[in-house]
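The sequence lines fix the lettering, A, B, ..., with proteins before strands; numbering per chain opens at 1. In this text the structure is predicted, and so the values were computed from the model without any measurement. What's counted below: heavy atoms across the whole structure, side chains too, no hydrogens, waters or symmetry copies.
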Amino acid sequence: MDLTELIDVAEAHRAKQKNIRIHCCTSTGCRAASALEVLKNLKTAVEDEALGENVEVVGVGCMGFCGRGPLVQIDPDDALYEEVKPEEAASIIGSLKGGTATALKGDVQHPFFARQVKIVRQHSGKVDPESIEDYIAAGGYRSLYKAIYELSPPEVVDEITRSGLRGRGGGGYPTGLKWATVAKMPGDQKYVICNGDEGDPGAFMDRSVLESDPHLVLEGMAIAGYAIGANHGFIYVRAEYPLAIQRLQKAIQQAKKYGLLGSQIFESPFDFKVDIRIGAGAFVCGEETALIQSIEGGRGNPRPRPPYPAQAGLWKCPTLINNVETFANISAIIREGADWYAGIGTEKSKGTKIFALTGKIRNNGLIEVPMGITLREIVEEMGGGVPDGEVKAVQTGGPSGGCIPASLLDTPVDYDSLVAIGSMMGSGGMVVMDQDTNMVEVAQFYMEFCRGETCGKCIPCRTGTVQLYALLTKLLKRQATQADLDKLEALCHMVQETSLCGLGMSAPNPILSTLRYFNQEYTELLQAPKYLNGKVAVE
Amino acid sequence: MSVKTLKIDGIDIAIEEGATVLDAARQAGVPIPTLCHLDGVGDIGACRLCLVEVGGSRRLLPACVTEVAEGMEVQTNTPKLQEYRRMTVELLFSEGNHVCAVCVANGHCELQDVAIQVGMDHSRFTYRFPDRGVDVSHEQFGIDHNRCILCTRCVRVCDEIEGAHVWDVAQRGAACYIVSGLNQPWGEVDACTSCGKCVDACPTGAIFRKGSTTGEKERDRAKLDFLVTAREKHEWTR
């Protein structure tokens, strides 16, 4: 395939598209609320009403407002229907002929939608994730062409560096620097790995991207392969995301068929193939060295770094490993240019970030917001605040992050500000908690998670998490004393500083942040001392 | 091969490039406690006892896998490191069932040695008293999981030196245990050559020779060194 053919495919597909497109979300969340039945009924209704000439019903990816699924949206007049029941489908089609739709109509001007800036989710909810033609018609794979034919590999790396993009997996390592390191490493064989082992409780950004726009990720990986000189990529997806895996498999097949993956991409000397590896259910495999071990077929245990994967990664070859969302940003950066991207966000955190907004909040779902937006804007304006109550804390960064108290809601959301207040950006989980939430229980929940997910290789994480969980349980049973609380804090610091990998190093964060901001809740749970100054204090 | 010079606890050391901080410390006579490290097999940096402070690094680094660098300044025994090492050993004692008085390795136990070295006289942490098993299905040896600290020396020595890979780790977190063969009783594992290297490698009394009783486990560590030298340098004398 060459550029003319790509444009031909796009134009032919656009010509085939009907004037009115009815988008019905078919992602996991909406599916669980019987979206597939809605889709089927919509299609039948179009046939029944004999509207097939002008109207088509398309199953699309995630539209973001997952708390109100299934979602149906009509293009081009932009009407959005929420919580559509299968029996209401016909009335939506009827409304095209002047009838009244019985389904709940959503407000597309609501800040939840209006405040979003969509780069990663640009096609999400608009294109059919199972159709490569839909993606090409929306301008897909043009960036890959541009990278191969208009830019040299160092120019691509330079573009990414100047864009200021930082890793979206949580750490925020500068992506351009990582690419440059791998590109400059000696060696003929290099690899690209896409980390789709999203595992934080309450986070589903990567799942949504993979389910809604798999080609965007593949294109980003191919551009990375070209930039660093790799001819082979792996996508590591957790087995709990069957739909994402199925759609990726289909996408890879389609892209190979069109010559957009595989040998001689766009008839250039550049080869790049992508394989999927399915995780077996370990959270720790999201850690890069454990993930590499897992791809190699070994037990998913992390190993000490250095050497970093950029030096010695998959099968000891230089390896570039980025998160799903990071790769999903690449196509737009190449298309629009580094300066455009660097114009979005704050000085040190560029671009947008997707958050999975969940918990005690009116509007649950996925949002893509520019960096630098405040937590208050996200939670109160976009999220609509807590139904009957007030925000007490916002948890970001999952089990590696921390709880941010309501008093700090005006903190801008960027990598450095969140770290400064004891939390972290993380992969994008954002759980809102109200006054009824006991913060010690929250800490205990996350510690239970880490205790179950630690690989067991290093002692501080293997046993430290068990002891931390036990101390929190003791506190909640009101059996702990001040000495236990001191021990809890000391152990937190020890686990943080001595653990081998990121899981252990960040596992105490939920405890430390709640100790910092909600200390009173801990001290209130303390048992009154039985003896004071050698005398019995409590009978 | 070039030589690097560095300072460990104020002592100047010159050592060949590629050596680890642990090698350098040993050469200088600076004691750094270790448990998962075993001369002759690959290092994994898991026990976290050899963590040291390196100037310019925010993180504590495991001496066993950190390569020396020119001008490196290493501190091996700061109050913070002492405290963390003590806690590490306390955690090790709290997670298993370590009853020295009835253990075959009493007096020859590296866990005991390390406890003494770091000055651990009691554990601040609640003992977990896990329910773990004992496998004595092998003709000559037995494994008592209660005494295992999951250092994986047996796994590595069997894989790297003997080439049999009888051992591996099953499960994760606190549920981890050393598994023989395909999770079979040790005695049924065909791959086992009964070489006994795992017995010699085990730092505690977890893997032992049958018939030995309290305090009777003594190891032939020189055998491992001999084998490694024999393989690498083709010197077959002991």
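- Inspection of non-hydrogen atoms places B/L51, B/R59, B/L60, B/V65 of residues 51-67 of chain B under 4.5 Å from chain A.
- Neither the backbone nor the side chain of A/T465 comes within less than 4.5 Å of any heavy atom of chain B.
- In this structure, chain A has no heavy atom under 4.5 Å from any part of B/L35.
- Contacts of residues 74-87 of chain B with chain A at a heavy-atom distance below 4.5 Å involve B/K80, B/Y84, B/M87, listed in sequence order.
- From B/R124, atom CZ reaches atom CG of A/D486 across 11.0 Å, with rounding to the nearest 0.5 Å.
- Within a 6.0 Å radius of NZ in A/K348, other residues, nucleotides and ligands contribute 12 heavy atoms or fewer.
- For A/A282, the parts sitting under 4.5 Å from any heavy atom of chain B are the backbone and the side chain alike.
- Here the OG1-CD1 distance, from A/T463 to B/I149, works out to 10.5 Å after rounding to the nearest 0.5 Å.
- Put simply, of A/R451, A/E453, A/R303, A/H493, the one with the most heavy-atom pairs under 4.5 Å next to chain B is A/E453.
- With values rounded to the nearest 0.5 angstrom, B/L150 atom CG is found 4.5 Å from A/R462 atom CZ.
- In this structure, A/P304 and B/G45 approach most closely via the heavy-atom pair CG-CA, 4.2 Å.
- At least one side-chain heavy atom of A/M494 sits under 4.5 Å from a side-chain heavy atom of B/T88.
- The two residues A/Q467 and B/S94 come nearest to each other via the heavy atoms NE2-OG, 3.1 Å.
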Distance-only criterion, 3.5 Å: show the donor-acceptor pairs between side-chain atoms of residues 503-515 of chain A and protein atoms not counting sequence neighbours.
| residue | atom | partner | partner atom | Å |
| --- | --- | --- | --- | --- |
| A/S506 | OG | A/S400 | OG | 3.2 |
| A/S506 | OG | A/G502 | O | 2.6 |
| A/N509 | OD1 | A/Q496 | NE2 | 3.1 |
| A/N509 | ND2 | A/S400 | O | 2.6 |
| A/S513 | OG | A/C403 | N | 2.8 |
| A/S513 | OG | A/N509 | O | 3.2 |
| A/S513 | OG | A/P510 | O | 3.4 |
| A/T514 | OG1 | A/P510 | O | 2.7 |
| A/T514 | OG1 | A/I511 | O | 2.9 |
| A/T514 | OG1 | A/Y522 | OH | 2.8 |

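- Judged as a side-chain hydrogen bond (donor to acceptor under 3.5 Å, both in side chains), and not counting sequence neighbours, B/T204 has no contacts.
- Of the two parts of B/C47, only the backbone, made up of N, CA, C and O, holds a non-hydrogen atom closer than 4.5 Å to a non-hydrogen atom of chain A.
- Residues A/I459 and B/E95 come closest through the heavy atom pair CD1-OE2, 3.6 Å.
- The environment of CG in B/D121 is crowded: more than 12 heavy-atom neighbours from other residues, nucleotides or ligands sit within 6.0 Å.
- Contact record, A/R299 with B/V169: NH1-O, 3.2 Å, taken as the closest heavy-atom pair.
- Listed here is the closest heavy atom pair of A/G456 and B/C176: CA-SG, 4.0 Å.
- Minimum interatomic distance between A/P460 and B/R48 (heavy atoms only, all atoms of both residues): CD-CG, 3.6 Å.
- By the 4.5 Å heavy-atom criterion applied to side chains, A/L491 and B/L91 are counted as neighbours.
- A/V466 is listed as a side-chain neighbour of B/R128, based on a closest heavy-atom distance under 4.5 Å.
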